[in-house]
Amino acid sequence: MSKSKFIPISEPSMDHTELEYVTDCMKSGWVSSLGKYIPEFEEKFAHFSDCKYGVSVFNGTVSLHLALVALGIGSGDEVIVPTLTFVATANSVLYTRATPVFVDSETETWNMDPKDIERKITSKTKAIIAVHLYGHPANMGEIMKLAKKHKLFVIEDAAEAHGAKYKNNKVGSMGDVGCFSFYGNKIITTGEGGIIVSNNKKLSEKMRFLKDHAMSKTIKYFHPSLGYNYRMTNIQAALGVAQMKKIDKFIKRKREIALIYSEHLKNVPGLELQPQAKWAHAVYWMYSILIKPECGVTRDELATLIKKRGIDSRPFFIPNNKMPYFSKNVQKQKFPVAEMLSVQGMNLPSSVLLSNEDVIFIAKNIKDILNK
Ligand SMILES: *Cc1c(COP(=O)(O)O)cnc(C)c1O
């Protein structure tokens, strides 16, 4: 990538393998939601995530919705979610008519704070959605302890953390189910796509049934439950099978990029770099920094200045409780750590296609602008 070119925040990496498999779908006519790539992709991804079963779906958002429905969550139930996440996490709870209950983040991991989870548990709480934000695993040891103690389901939203590990455990394999997204900017992509991995056979079968209109296996066009059409297509799965050949390489490169950023941005007064807990194997979906007040420029000012030099960036998510479709009381809840992260946090370009020189160029420009 030349320095006169714009460096995007993210770019998918695809080659002749994707082209070959997708072409195979076209030539064979298997373009809809039957075809050989679907079970192959499900098996490969479940195995990659140390799980027995994988249920592919159309995108990451519906993977969360389907998991909640299959776990029996609905009206009158409460589901604990971090406020600092992509909005799909909280929305999936609203789709079931249950109530998302927001918790603050912790500074050690930027993920949901287990102490705040404990404070928010009530007699109506049914589940926790643990999000592994920006590629860093949530504190699953503490979260699973709380879930056991209070008999709660745990859904891992691992949309940003394929292959990340808490201690020796792959994300997605610790809770009741693990939900992933394969949107174009995720660690691997199927265009749009998602999967739910699990070690629970009955639950996986239920999700497979629900995602296919909940059609009876014995009586055609009899639907014993309210189902959905959340099926992944063979074309998406073909992309997925091709991407699975490279997923380990992508993660290795993401971690290398993070290391280069960290080396070149360390000890810059006012910059705080993405943490990695000592028990964590983070995959740095998007390498992230905090622009502290000592920098003398705000996060948004820095974003504008680097954009002028051809470097893209992204602000952190906005705490979900602030969205106008929540009640005024929910909007007014205070989450000091999440709010600080949301205002100061910036994702830097993290495509596996970046060269080392690109990463160094980005770091140098940030230092130059900050005059450090
Ligand atoms: C991307 C993402 C989703 C939703 O995935 P889609 O495939 O875009 O529907 C859910 N949760 C988090 C944390 C995400 O980053």
Side-chain angles (χ1 to χ4, degrees), residues 9-12 41-42 45 49 54-69 79-96 100 102-103 105 109-112 127-138 140 143 154-164 171-172 175 177-197 207 211 228-233 235-237 239-240 243 250 254 274 282-288 314-321 323 338 341-342 345-347 350-351:
I9 187 85
S10 163
E11 254 182 310
F41 179 60
E42 289 177 335
F45 196 84
S49 297
V55 179
S56 62
V57 289
F58 199 79
N59 62 49
T61 305
V62 302
S63 75
L64 292 163
H65 182 218
L66 191 65
L68 289 162
V69 171
V79 178
I80 294 181
V81 297
T83 192
L84 191 74
T85 172
F86 182 56
V87 77
T89 314
N91 283 355
S92 68
V93 178
L94 291 176
Y95 301 157
T96 70
F102 294 106
V103 301
S105 314
T109 66
W110 298 353
N111 281 309
M112 66 200 305
I128 301 169
I129 305 185
V131 181
H132 308 299
L133 199 67
Y134 303 133
H136 192 293
M140 290 306 288
I143 291 171
V154 174
I155 295 166
E156 291 180 67
D157 180 347
E160 305 181 357
H162 316 51
V171 297
V177 292
C179 296
F180 290 84
S181 163
F182 307 115
Y183 181 66
N185 67 13
K186 300 292 160 86
I187 289 175
I188 61 164
T189 186
T190 61
E192 295 272 359
I195 200 168
I196 308 139
V197 296
M207 293 189 290
K211 79 160 189 178
Y228 306 87
N229 177 359
Y230 282 175
R231 298 173 309 228
M232 178 180 264
T233 67
I235 305 173
Q236 290 173 294
L239 271 174
Q243 292 267 293
F250 290 168
K254 290 270 189 200
Q274 188 165 8
V283 292
Y284 297 97
W285 169 56
M286 283 199 184
Y287 187 82
S288 308
R314 252 181 43 163
F316 271 22
F317 298 123
I318 295 171
N320 289 185
N321 69 291
M323 303 305 159
L341 292 169
S342 174
M346 173 187 268
N347 308 119
S350 298
S351 163

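Remember, it's 1-based here, ligands and their atoms both numbered in the order they're listed.
- Only one option out of V57, L239, T190 pairs with F182 in a side-chain contact (heavy atoms from CB on, under 4.5 Å); it is T190.
- The distance criterion of under 3.5 Å between nitrogen or oxygen atoms is met by S181 with respect to ligand 1.
- Residue contacts with ligand 1: G60 is placed with a nitrogen or oxygen under 3.5 Å of a nitrogen or oxygen of the ligand (distance criterion only).
- A perpendicular orientation is assigned to the rings of W110 and F316, their planes being inclined by more than 60° (bins at 30° and 60°).
- Heavy-atom contacts of T85 reach the following atoms of ligand 1: 13 (C) (cutoff under 4.0 Å).
- Near A159, the atoms of ligand 1 lying under 4.0 angstrom from a non-hydrogen atom of the residue are 2 (C), 3 (C), 10 (C), 11 (N), 12 (C), 14 (C), 15 (O).
- Ranking protein heavy atoms by distance to atom 11 (N) of ligand 1, first place goes to D157 OD2, 2.8 Å.
- Shown here for K186 and A159, the closest heavy-atom pair between the two residues is CD-O, 3.1 Å.
- When hydrogens are left out, the protein atom nearest atom 4 (C) of ligand 1 is T61 OG1, 3.5 Å; that is the closest non-hydrogen contact.
- Using cut-offs of 30° and 60° on the angle between ring planes, the pair F45 and F41 is tilted.
- With E160, M286, K186 as candidates, the residue nearest to atom 2 (C) of ligand 1 on a non-hydrogen basis is K186.
- Remark: Y183 OH is loosely packed, at most 12 non-hydrogen atoms of other residues, nucleotides or ligands lying under 6.0 Å away.
- Among the atoms of W285, none of the N or O lies under 3.5 angstrom from an N or O of ligand 1.
- Across all their heavy atoms, I195 and E42 have their closest contact at CD1-CA, 3.9 Å.
- Residue contacts with ligand 1: H132 is excluded, as none of its non-hydrogen atoms falls under 4.0 Å.
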